[in-house]
Amino acid sequence: MENLTTQVAIIGSGPAGLLLGQLLFKAGISHVIIEQRSAEYVAARIRAGILEQVSVDLLKQAGVDENLNKFGLAHDGIEILTNGLKHRVDLSELTQGKQVTVYGQTEVTKDLMHAREAAGLCTYYEAENVQIHDFEQNPYISFQQNGQSYQLRCDFIAGCDGYHGVCRASVPQDKIKTFEKIYPFGWLGVLADVPPVSDELIYVQSERGFALCSMRSKTRSRYYLQVPVTDHVDEWSDERFWDELKNRLDEESRKNLVTGTSIEKSIAPLRSFVTEPMRFGKLFLAGDAAHIVPPTGAKGLNLAASDIAYLSNALIEFYLNGSEQGIEEYSEKCLKRVWKAERFSWWMTHLLHRFETESEFDHKIKQAELSYILDSHAGLTTLAENYVGLPYEIKTFNEMQSSHSDLLSH
Ligand code: APR
Ligand code: PHB
């Protein structure tokens with residue numbers, strides 16, 4: 001058995017864990033990441049690709065924005081296609097100049113992994129039998145790697161280990177409450193090296209179901225189709241996928257669509273899920289370990305980033321001036337933002353997807369709601385303000401340092 005110590009033990013090296021590690025490193029706080037998968041597996045995972053401005057700012061603060069600045073595509077608007085007609089939602093005009101950035105989560109993960117490698121920070125990949133202990137009082141982690149057993153003592157544990165992780169599962173049932181909604185369909189996603197059908201994302205509401213035209217770059221497209229959750233990816237040849245996508249598009253988009261061989265194809269189920277609270281003594285849950293949103297609102301990665309913004313603030317303030325305020329407030333602050341993003345993602349999902357169970361009346365009401373939103377300045381503003389990301393207050397490292405100096409000088 002090898003004994004290790006650190007200030008913060010981070011479980012999971014998805015975007016949440018990696019971003020937290022980078023922010024703690026910048027603030028001079030020691031940490032270790034423990035990840036059950038290999039580095040190659042983590043770097044290859046394909047996920048969504050829209051960053052809110054606040055997430056971009058946080059990546060900049062973490063010093064990992066070089067590729068993002070070079071290859072990220074700033075978008076001022078999105079299109080919503082319904083009844084065969086496209087409606088542009090001018091995000092920037094409706095939100096006083098805010099934008100979103102198209103940049104794949106896979107790239108965010110790789111940039112963070114490279115920064116970590118360059119800084120020589122410690123990650124235990126392919127860790128087995130990871131267990132967290134005594135997190136109310138004297139936290140420590142036990143795990144094995146390459147046949148060697150480790151015990152890692154720490155001040156805090158950051159549970160960034162995703163929906164299936166060990167951290168949330170280790171909390172006694174009577175201390176935790178979860179809220180869940182499972183949708184009766186999934187998203188079939190295809191990645192292809194073809195130019196995107198349009199300069200902006202197109203969210204498609206059609207009688208045949210939802211579709212989304214997204215992109216990773218000017219030469220790489222990401223498309224999705226709503227499909228029954230029982231469908232298997234093998235049932236969807238590339239040809240069938242493109243044919244069905246065309247069926248859901250308007251004439252102009254159908255004409256402009258460039259098809260090609262898929263380089264990735266998968267079906268993801270849709271789920272809304274929230275855990276309350278998000279802190280248990282010295283254990284913090286962050287990102288998918290605490291909540292899941294259906295991808296319709298593009299909020300998954302952004303919510304993980306806002307959790308990490310609050311958590312890094314709380315930990316840095318604690319180590320800088322001994323304040324426990326951020327730690328005490330972590331769960332409440334996160335959940336306030338989480339529930340708003342959950343509501344938005346649920347609403348977008350309901351509005352744009354076809355539900356087998358909906359009556360003709362329900363369907364008409366939904367059409368009327370969509371028509372109202374798209375015709376009303378107030379409706380469009382509501383959509384835009386949520387899509388670009390609701391604002392939240394965090395301090396920069398410099399602000400925390402200057403409040404620390406103020407504290408010392410009094
Ligand atoms: N021990 C160690 N690591 C674990 C364990 C465990 N028991 N269980 C899971 N992990 C690892 C996973 O292998 C994964 O690399 O934790 C990591 C969690 O990463 P993500 O699932 O990417 O979660 P998170 O970092 O919160 O990122 C949230 O991912 O799913 C999207 O929409 C979501 O965009 C959002 C983002
Ligand atoms: C994506 O590009 O993968 C993407 C974009 C917007 C969404 C969901 C996924 O709402």
Original post:
Within 45° of the six-membered ring axis of Trp346 and under 6.0 Å from that ring's centre, is NZ or CZ of Arg343 located there?
Top reply: no
Subject >> Cation-pi geometry met for Lys366 and Phe355 (6.0 Å, 45°) >> reply: no
Original post:
Does the pair Asn313 and Glu317 meet the rule for a side chain to side chain donor-acceptor pair (under 3.5 Å), with working shown?
Top reply: CA-CA 6 Å; Asn313 256 230; Glu317 281 209 297; over 6 Å; no
**OP:** Kindly write out the residues that satisfy salt bridge (Lys or Arg N to Asp or Glu O under 4.0 Å) with Glu328, not counting sequence neighbours, or none if the list is empty.
**Re:** Arg279
**OP:** Using only heavy-atom distances, determine whether the side chains of Ser266 and Glu264 contain a donor-acceptor pair under 3.5 Å.
**Re:** yes
Original post:
Can Glu126 and Arg37 be counted as an ion pair, charged N to O under 4.0 angstrom?
Top reply: no
Subject >> Carboxylate-amine/guanidinium contact Arg88 Asp90, below 4.0 Å >> reply: yes
Residue pairs passing the ring-ring contact (aromatic ring centres under 6.0 Å, His included) test where at least one lies in [range], sequence neighbours excluded:
range            : result
residues 256-276 : Tyr163-Phe273
residues 71-110  : none
residues 293-312 : Tyr310-Tyr392
residues 11-56   : none

Original post:
Between Leu59 and Leu51, is a side-chain contact (heavy atoms from CB on, under 4.5 Å) present by the stated rule, with each step listed?
Top reply: CA-CA 10 Å; Leu59 288 165; Leu51 297 176; 4.0 Å; yes
**OP:** Before giving the answer on side-chain contact (heavy atoms from CB on, under 4.5 Å), spell out for Leu383 and Leu94 the whole-Å C-alpha distance, their side-chain angles and the decisive distance to 0.1 Å.
**Re:** CA-CA 9 Å; Leu383 199 165; Leu94 291 157; over 6 Å; no
**OP:** Check the angle between the aromatic planes of His353 and Phe185 and answer parallel, tilted or perpendicular using the 30° and 60° thresholds.
**Re:** parallel
Subject >> Flag if over 12 foreign heavy atoms under 6.0 Å of CD, Glu93 >> reply: no
Original post:
Considering residues, nucleotides and ligands other than Lys265, do more than 12 of their heavy atoms fall under 6.0 Å from its NZ?
Top reply: yes
Subject >> Backbone N/O of Asp134 and side chain of Asn138: donor-acceptor pair under 3.5 Å >> reply: no
Original post:
Can the ring centres of Trp339 and Phe344 be said to be less than 6.0 Å apart?
Top reply: no
Original post:
Under the side chain to side chain donor-acceptor pair (under 3.5 Å) criterion, do Thr275 and Lys177 qualify, and how do the steps go?
Top reply: CA-CA 6 Å; Thr275 305; Lys177 185 161 168 55; over 6 Å; no
**OP:** Might you work through the side-chain contact (heavy atoms from CB on, under 4.5 Å) test for Ser253 and Leu257, ending with a clear yes or no?
**Re:** CA-CA 6 Å; Ser253 311; Leu257 184 72; over 6 Å; no
Original post:
Who passes side-chain contact (heavy atoms from CB on, under 4.5 Å) against Asp155, sequence neighbours left out?
Top reply: Gln7, Tyr319
